[in-house]
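Below is the structure I would like to discuss, written out as structure tokens.
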Amino acid sequence: GESVGLHLPTLSVQEGDNSIINCAYSNSASDYFIWYKQESGKGPQFIIDIRSNMDKRQGQRVTVLLNKTVKHLSLQIAATQPGDSAVYFCAENNYGQNFVFGPGTRLSVLP
Amino acid sequence: NAGVTQTPKFQVLKTGQSMTLQCAQDMNHNSMYWYRQDPGMGLRLIYYSASEGTTDKGEVPNGYNVSRLNKREFSLRLESAAPSQTSVYFCASRAGQGAQETQYFGPGTRLLVL
């Protein structure tokens, strides 16, 4: 989930297990949402997106769920692998130029 | 197709020095952005350019200026660096204004101001 301050929340999962990363977004009028993955020392990388007229979207090993009632977004990663270790953060957009980004969750995959 | 490129990768400045961070994209995108990322915080928008010839302030513009040199290039200038500007700076681009499309990010510039 989201956090305030300097320390990112950390999710530790066993290799091969499924991971669920949560995000609470702020604007009920937001219509487009993205999940990014950021590995250490690199720029954010697009994983999957979803529009507000959907509540679920699936990609390769990843699924995004959108609950507009409670303004909640989640990212599910199936069969988590060591290469999935990174910081994951969500972004929301309201038909405009600019995105609002969450601070992120650090995913740590245990061998 | 290199995507979004940024130079330099690392920079150390003394308080009061100036520098320009360079960004270029080869995806023919209209919109370009500059963000800063601080530990434990989300990306914060400094400036953006919706299209060639336009620039607008974001959430944290103070202490920065930008230039959209052409469609490909968008630079960020620190006129008089301060320790509070120590951060990682990311440039991003996006296809169109208002489009429900993702932004593509560069690898970042790590800046330390002493």
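These values consider heavy atoms only, across backbone and side chains, with no hydrogens, waters or symmetry-generated copies. To find a chain, count down the sequence lines: A is the first, B the second, and so on, and within it residues start at 1.
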(message) Using a 6.0 Å cut-off, check whether atom OH of B:Tyr64 has over 12 heavy atoms from anything other than its own residue.
(response) yes
(message) Is B:Arg110 in contact with chain A via its backbone, its side chain, both, or neither, using a 4.5 Å heavy-atom distance?
(response) side chain
(request) Group every Ile, Leu, Val, Met, Phe, Trp and Tyr by side-chain heavy-atom contacts under 4.5 Å, then state whether B:Leu76 and B:Val12 land in the same group. (result) no
(request) Treat each ILVMFWY residue as a node, draw an edge where side-chain heavy atoms are under 4.5 Å apart, and state whether B:Tyr35 and B:Val88 are in one component. (result) yes
(message) So for A:Gln45, is it side chain, backbone, both, or neither that comes closer than 4.5 Å to the heavy atoms of chain B?
(response) neither
(request) Heavy atoms only: give me the nearest B:Phe90-A:Gly43 pair and the separation to one decimal. (result) CE2-CA, 3.3 Å
(message) Assigning hydrophobic clusters by single linkage (Ile, Leu, Val, Met, Phe, Trp, Tyr; side-chain heavy-atom cutoff under 4.5 Å), is A:Tyr88 placed with A:Leu66?
(response) yes
(message) Just checking A:Phe99 against B:Tyr33, ring centres under 6.0 Å apart?
(response) no
(message) Counting heavy-atom pairs under 4.5 Å with chain B, which one of A:Lys42, A:Arg51, A:Arg106 comes out on top?
(response) A:Arg51
(request) Heavy-atom distances under 4.5 Å only: say whether B:Gln6 touches chain A with side chain, backbone, both or neither. (result) neither
(request) Taking the side chain as every heavy atom from C-beta outward, state whether B:Leu43 and A:Gln38 have any atom pair closer than 4.5 Å. (result) no
(message) Are the side chains of A:Asn98 and B:Leu45 in contact, using a 4.5 Å heavy-atom criterion?
(response) yes
(request) Flag yes if A:Ile77 and A:Val13 sit in one hydrophobic cluster, no otherwise; membership is Ile, Leu, Val, Met, Phe, Trp, Tyr, and two members link when side-chain heavy atoms are under 4.5 Å apart. (result) yes
(request) Is it possible for you to say whether A:Phe46 and B:Tyr48 belong to one hydrophobic cluster, with membership spreading through side-chain heavy-atom contacts below 4.5 Å? (result) yes
(request) Apply the test side chain to side chain contact (heavy atoms under 4.5 Å, CB included) to residues A:Asn93 and B:Arg94: give CA-CA distance (whole Å), side-chain angles for both, the deciding distance (0.1 Å), then the verdict. (result) CA-CA 13 Å; A:Asn93 186 278; B:Arg94 189 183 187 208; 4.0 Å; yes
(request) Starting from the C-alpha separation in whole Å, work towards a yes-or-no answer on side chain to side chain contact (heavy atoms under 4.5 Å, CB included) for B:Thr102 and A:Ile34. (result) CA-CA 7 Å; B:Thr102 185; A:Ile34 304 175; 3.5 Å; yes
(message) Using 0.5 Å steps for rounding, measure from the CD atom of B:Gln37 to the CZ atom of A:Phe89.
(response) 6.0 Å
